[in-house]
There are 2 protein chains.
Amino acid sequence: MGLVIHMAYLDRVFHCLSDGTRRAVIAQLASGPASVGELARRHHMALPSFMKHIRVLEESEVVISRKTGRVRMCQLRPDALTAAQGWLERERRVWETRLDQLDSFIETLSEKENARGNR
Amino acid sequence: MGLVIHMAYLDRVFHCLSDGTRRAVIAQLASGPASVGELARRHHMALPSFMKHIRVLEESEVVISRKTGRVRMCQLRPDALTAAQGWLERERRVWETRLDQLDSFIETLSEKENARGNR
DNA sequence: GAGATATTTAGCCGGATGGCTTACTGTCTT
DNA sequence: AAGACAGTAAGCCATCCGGCTAAATATCTC
């Protein structure tokens with residue numbers, strides 16, 4: 001049950017990362033907070049279009065923003081990318097373990113092969 | 001120029017990962033190859049719908065498949081997730097470096113603060 | 001309080017996505 | 001050669017995506 005939520009969360013994070021503009025924003029925010037306006041200026045894009053990206057970034061919990069006066073400042077969340085990274089690492093671990101097992105299986109096979117050859 | 005291609009590639013990989021069904025397929029393939037039919041059976045889904053996922057997985061170069069006779073076997077590519085993982089790690093590194101710098105900046109500040117206090 | 005500034009809201013648009021069914025094409029199996 | 005089986009092709013459909021413009025809403029600044 002909590003699993004479903006978790007799934008939907010990964011859906012959102014990876015979807016968020018699947019767009020070049022959003023990845024660029026993340027990259028920029030990694031070196032410090034910035035206002036929506038500052039961020040938008042670097043991407044030849046109308047502000048309302050850009051705002052949609054900000055919303056996606058926030059909904060996927062990669063970015064937080066807070067408005068003071070008329071300017072909204074954005075920053076990366078401390079644990080922004082850990083969920084995505086975590087999933088990838090776990091999968092990779094399974095996958096590599098299996099490859100290792102396969103290797104040693106093949107090794108075993110060729111040892112047997114040798115043994116047979118030495119008969 | 002090669003950069004653009006690289007971007008589009010990341011787009012595809014992350015988009016590929018943004019769907020729970022496809023992540024489940026990857027998880028399953030991590031523990032060994034399987035046919036399209038076997039894979040489809042575990043996801044209450046019509047085969048043609050499922051095939052679209054397989055196509056996405058192949059286009060994002062996460063999975064390879066080969067048809068022998070009437071059955072198509074799928075497996076993970078050896079370097080399936082490295083691009084995605086690589087991007088995440090690089091971003092995270094920048095982000096953490098900055099946090100460290102921020103820490104030491106704050107530390108410097110409070111040292112100055114102390115110095116001033118000691119005047 | 002008028003005007004500049006920084007968003008924000010609303011809504012349009014073409015194209016992609018992710019599900020479906022139905023019909024076709026090969027490849028076994030008997 | 002007939003029928004079962006595994007996958008594909010074609011095309012329908014609702015919804016989402018990522019861009020746009022035009023108009024509204026605050027919040028400075030003078």
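Every chain is numbered from 1 and lettered A, B, ... according to where its sequence line falls, protein lines coming before strand lines.
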Point to revise | Minimum-distance nucleotide (side-chain atoms of A:R72 versus C:dT8, D:dG18, D:dG7) | key: C:dT8

Check your understanding: Hey, does A:V25 have a side-chain heavy atom less than 4.5 Å from the side chain of A:F50?
Key -> yes

Check your understanding: How about A:S35 and A:E38: does a side-chain donor come under 3.5 Å of a side-chain acceptor?
Key -> yes

Check your understanding: Out of D:dC17, C:dT8, D:dG19, which nucleotide sits closest to the side chain of A:T21?
Key -> D:dG19

Point to revise | Sugar-phosphate, base or nothing in reach of B:H43, heavy atoms under 4.0 Å | key: nothing

Check your understanding: Do A:E91 and B:R23 come within less than 4.5 Å of each other through their side chains, counting heavy atoms only?
Key -> no

Check your understanding: Does a distance-only test, which skips hydrogens and angles, find a donor-acceptor pair under 3.5 Å between the side chain of A:R70 and the base of C:dT5?
Key -> yes

Point to revise | Short side-chain N/O contact to C:dG18 OP1/OP2 from B:R55, under 4.0 Å | key: no

Check your understanding: Under 4.0 Å between a side-chain N/O of B:H53 and OP1 or OP2 of C:dG18, yes or no?
Key -> no

**Study point:** Under 4.0 angstrom between A:K67 side-chain N/O and C:dT8 OP1 or OP2
**Key:** yes

**Study point:** Interatomic distance where CG belongs to B:L47 and P belongs to C:dG26 [whole Å]
**Key:** 18 Å

Review point. Mapping A:F50 and B:V36 onto DNA chain D by nearest heavy atom, which one lands closer to the 5' end?
Key: B:V36

Study note, to complete from the structure: Closest to the side chain of B:M45, out of C:dG18, C:dC20, D:dG7, is C:dC20

**Study point:** Contact under 4.0 Å: B:S49 side-chain N or O vs C:dC20 OP1/OP2
**Key:** yes

**Study point:** Nearest-nucleotide pick for A:K52, side chain only, options being D:dA6, C:dG18, C:dC12
**Key:** C:dC12

Practice item. For A:R72 and A:S65, test the side chains for any donor-to-acceptor distance below 3.5 angstrom and give the result as yes or no. Key: yes

Revision key, fill the gap. B:L39 atom CG is separated from D:dG7 atom C1', nearest whole Å, by 13 Å

**Study point:** Close side-chain approach of A:W87 to B:L17, heavy-atom, < 4.5 Å
**Key:** yes

Practice item. Send over the distance from A:E38 CD to C:dT7 P, rounded to a whole Å. Key: 8 Å

Exercise for review: Can you figure out which of C:dG19, D:dC20, D:dG7 approaches the side chain of A:P48 most closely?
Suggested key: D:dC20

Check your understanding: Side chains of B:V36 and B:L47: does their closest heavy-atom pair fall under 4.5 Å?
Key -> yes

**Study point:** d(CG, B:D19; P, D:dC17) in whole Å
**Key:** 12 Å

Point to revise | Between the first and last five pairs of the helix from C:dG1-D:dC30 to C:dT30-D:dA1, the angle of the axes, rounded to 10 degrees | key: 20°

Review point. Separation of A:R12 atom CZ from D:dC17 atom C1', in whole Å?
Key: 17 Å

Check your understanding: Could you give the CD-to-C1' distance, from A:E59 to D:dG18, as a whole number of Å?
Key -> 14 Å

Check your understanding: Do NZ/NE/NH1/NH2 and the carboxylate oxygens of B:R92 and B:E96 come within less than 4.0 Å?
Key -> yes

Exercise for review: For residues B:V56 and B:R22, determine if any side-chain heavy atom of one lies less than 4.5 Å from a side-chain heavy atom of the other.
Suggested key: yes

Practice item. Round to the nearest Å and state the distance from B:M73 atom CE to D:dA6 atom C1'. Key: 13 Å

Review point. Rounded to whole angstrom units, what separation is found between the CD1 atom of B:I54 and the C1' atom of D:dT8?
Key: 13 Å

Exercise for review: Under 4.0 Å between any heavy atoms, over every strand shown, what does B:R22 touch: base, sugar-phosphate, or nothing? Just pick one.
Suggested key: sugar-phosphate

